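Keep in mind that this is a model prediction, so the values were computed, not measured. Lettering of chains follows the sequences in order, A, B, ..., and the numbering in each one begins at 1.
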Protein chains: 2
Amino acid sequence: MTHPYASDYPIFYVTVDVVLFAIADGSLQVLVVERGEEPAGWALPGGFVNPDEDLRDAAERELAEETGVRPGDLPLEQLATYGAPDRDTRYLKPPAHARVVSVAWLSVLPELVQPQAGTDASSAVWRPVAEVLEEGLTFDHHRILRDAVARLQAKLDYTPVATAFLAGEFSLAELREVYEVVWGRELDPGNFQRKVRVADRIVEPTGRLRSSGRGRPAELFRPTVRAADVWRETGSG
Amino acid sequence: MTHPYASDYPIFYVTVDVVLFAIADGSLQVLVVERGEEPAGWALPGGFVNPDEDLRDAAERELAEETGVRPGDLPLEQLATYGAPDRDTRYLKPPAHARVVSVAWLSVLPELVQPQAGTDASSAVWRPVAEVLEEGLTFDHHRILRDAVARLQAKLDYTPVATAFLAGEFSLAELREVYEVVWGRELDPGNFQRKVRVADRIVEPTGRLRSSGRGRPAELFRPTVRAADVWRETGSG
DNA sequence: GCAAAAGTGTTCCAGGTACACCCATGC
DNA sequence: GCATGGGTGTACCTGGAACACTTTTGC
């Protein structure tokens, strides 16, 4: 058998891994896939970059495959690139002699979509981030997830990304819960109201109300920017 | 002729590019190399990642080759990874069929070291960032430089990276000039004093004085953290 | 009425900005 | 002395934190 590609240089496989967050049951969740083959265990969803595909496009494709969401409808930010020589030893032996460099991406979904049993019949499930960080992930995905959580917490401060966790119209109490879950601490409801209402480019009122059962009905809001645009990219492509 | 490496997958070449900043003549400078071969023009210093080398190690090696500074003595932060399929077309033709993915890094030097005429006899020179951004760079290096400047400006706010632009002991006026040059605006000298003195983890007094000719002599300070440690990495490896 | 959740008002404090002012040197 | 740059004091403003209080619903 012959190999269609040949090189005078060592082979690098380039992959993308996606850290996909959502909120459910009052805690931050991450989509992970169960690996049957060695190394067995849980891992982040990801895959090879196609020959003529931009890095961002590869991440969008992975995201769409896992969630069924149309590419371009979710926020997607480049996190970092991980390429220690021994981070994935699966292809080190002949004939590939390849090491794997992975570009990690960060995204947010407004709800727990049922993971698609896609072309690769992946067994993707949502799990609480806290549990996953405790039990670990294969490869260096534990580190990637840690970095992703830190980035998400930081970006909540100065981008409207929190709105990407919510679908359609939402109350400020629901938005506040996003911040509380991601930051792991409670916020003052009154101060939160003012801050979000006054801030430009986060939410705008719809004029409609919704009652949550008991208590005064809440005003409803929608995001000022599309979910896919909550992050202004600095680097990618 | 045979090629030692073969693959069933398309070939990716993985490189590192380094955006190296310094301050001279009252403006922000960047180290660029002149390319003789096509595409001719100015480019960022960079090169291939070696087979058994971590990405960070490759960036440190490039940095050391260009500056002569010992690896590990300079701050080095991963910026982003750039991998558009057409960003470097030099190897697209047979037999390589390779595209190039580049991991960009950001560093700061305390002075204009004479660029080393290293093994590759590179013709590296320092040039003002403003000029370079105006005239452009080859490949997508213009975009990388823009992203790097934005990152540097942001990090100045909440990391002690400004001290990495200065060698040995320095006055607060010298440190203030770093901020003024990078941010492109003047700062109030009095307020700057207080803020930097009060802030933890930026500078500590040496107790010595230095006269700049006229006026009251200035107290001298040294960085609280080593230049190589001014950035706490979130992602790399 | 009472409980609960939404939303507003008010007070306090920390940190930034503007700018007046004093200090220590060279000439 | 005067000019020059280093360094301090102070008044003002803004934005966040704490928390009392009012509004609007279900029961």
Side-chain angles (χ1 to χ4, degrees), chain A residues 23 26 153-160 162-163 166 168-224, chain B residues 23 26 153-160 162-163 166 168-224:
Chain A
I23 287 177
Q153 289 174 333
K155 289 262 167 175
L156 225 55
D157 230 355
Y158 57 97
T159 71
T163 59
L166 300 169
E169 304 183 348
F170 48 83
S171 71
L172 295 188
E174 290 166 336
L175 183 61
R176 176 164 48 84
E177 207 209 335
V178 171
Y179 282 85
E180 291 178 334
V181 164
V182 173
W183 282 345
R185 63 188 177 88
E186 299 200 336
L187 300 177
D188 182 280
N191 293 334
F192 184 83
Q193 287 261 349
R194 244 187 315 263
K195 181 171 172 180
V196 171
R197 281 172 186 271
V198 167
D200 209 24
R201 319 251 77 203
I202 300 186
V203 296
E204 53 194 35
T206 65
R208 289 141 47 90
L209 300 179
R210 181 202 292 155
S211 174
S212 62
R214 51 192 178 290
R216 174 174 168 177
E219 281 186 54
L220 292 181
F221 295 79
R222 65 173 145 262
T224 300
Chain B
I23 286 178
Q153 289 174 334
K155 288 262 167 174
L156 225 55
D157 230 356
Y158 57 95
T159 71
T163 59
L166 300 170
E169 304 182 348
F170 50 83
S171 70
L172 295 189
E174 291 166 335
L175 183 61
R176 176 164 48 85
E177 207 209 335
V178 171
Y179 282 84
E180 291 178 336
V181 164
V182 174
W183 282 344
R185 64 189 177 89
E186 300 200 335
L187 301 176
D188 182 281
N191 293 333
F192 184 82
Q193 288 263 349
R194 244 187 315 261
K195 180 171 171 179
V196 171
R197 282 172 187 271
V198 167
D200 209 24
R201 318 253 77 203
I202 299 187
V203 295
E204 52 194 33
T206 66
R208 287 142 49 87
L209 301 178
R210 181 202 291 155
S211 174
S212 63
R214 47 192 180 291
R216 172 175 170 178
E219 281 186 55
L220 292 181
F221 295 79
R222 66 173 145 261
T224 300

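Straight-line distance from the CD atom of Glu186(B) to the P atom of dC19(C): 14 Å, rounded to whole Å. Phe192(A) has its CZ atom 16 Å from the P atom of dA18(D), to the nearest Å. When the C1' atom of dT8(C) is taken as reference, atom CZ of Arg197(A) falls 10 Å away, rounded to whole Å. In this structure, Asp157(B) atom CG and dG15(C) atom P are separated by 15 Å, rounded to whole Å. A straight line from CG of Leu172(A) to P of dA6(C) spans 9 Å, rounded to a whole angstrom. Atoms CD (Glu180(A)) and P (dA17(D)) sit 13 Å apart, rounded to a whole Å. One interatomic measurement links the two molecules: CG of Leu209(A) to C1' of dG26(D), which rounds to 16 Å at whole-angstrom precision. Arg176(A) places its CZ atom 7 Å from the P atom of dA6(C), with the value rounded to the nearest Å.
Listed candidates were dA6(C), dG7(D), dT25(D). Nearest to the side chain of Gln193(B) is dG7(D).
Within 4.0 Å of Arg210(B), counting heavy atoms only, lies no atom of the nucleic acid at all.
A donor-acceptor distance shorter than 3.5 angstrom exists from the side chain of Glu174(B) to the backbone of Ser171(B), with no hydrogens or angles considered.
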Under-3.5 Å N/O pairs linking protein and nucleotides 11-13 of chain D:
none

Between the protein and nucleotides 10-14 of chain C, list every N/O to N/O distance that falls short of 3.5 Å.
none

With the criterion being N/O to N/O and under 3.5 Å, what pairs connect the protein with nucleotides 20-22 of chain C, and how long is each?
none

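Across every non-hydrogen atom of Leu166(B) and Leu175(B), the tightest pair is CD1-CA, 3.7 Å. Among all heavy-atom pairs drawn from Pro217(A) and Leu209(A), the shortest one is CB-CB, 4.3 Å.
The side-chain heavy atoms of Ile202(B) and Phe221(B), taken from C-beta on, include no pair separated by under 4.5 Å.
Taking only side-chain nitrogens and oxygens, Arg214(A) comes nearer than 4.0 Å to OP1 or OP2 of dA5(C).
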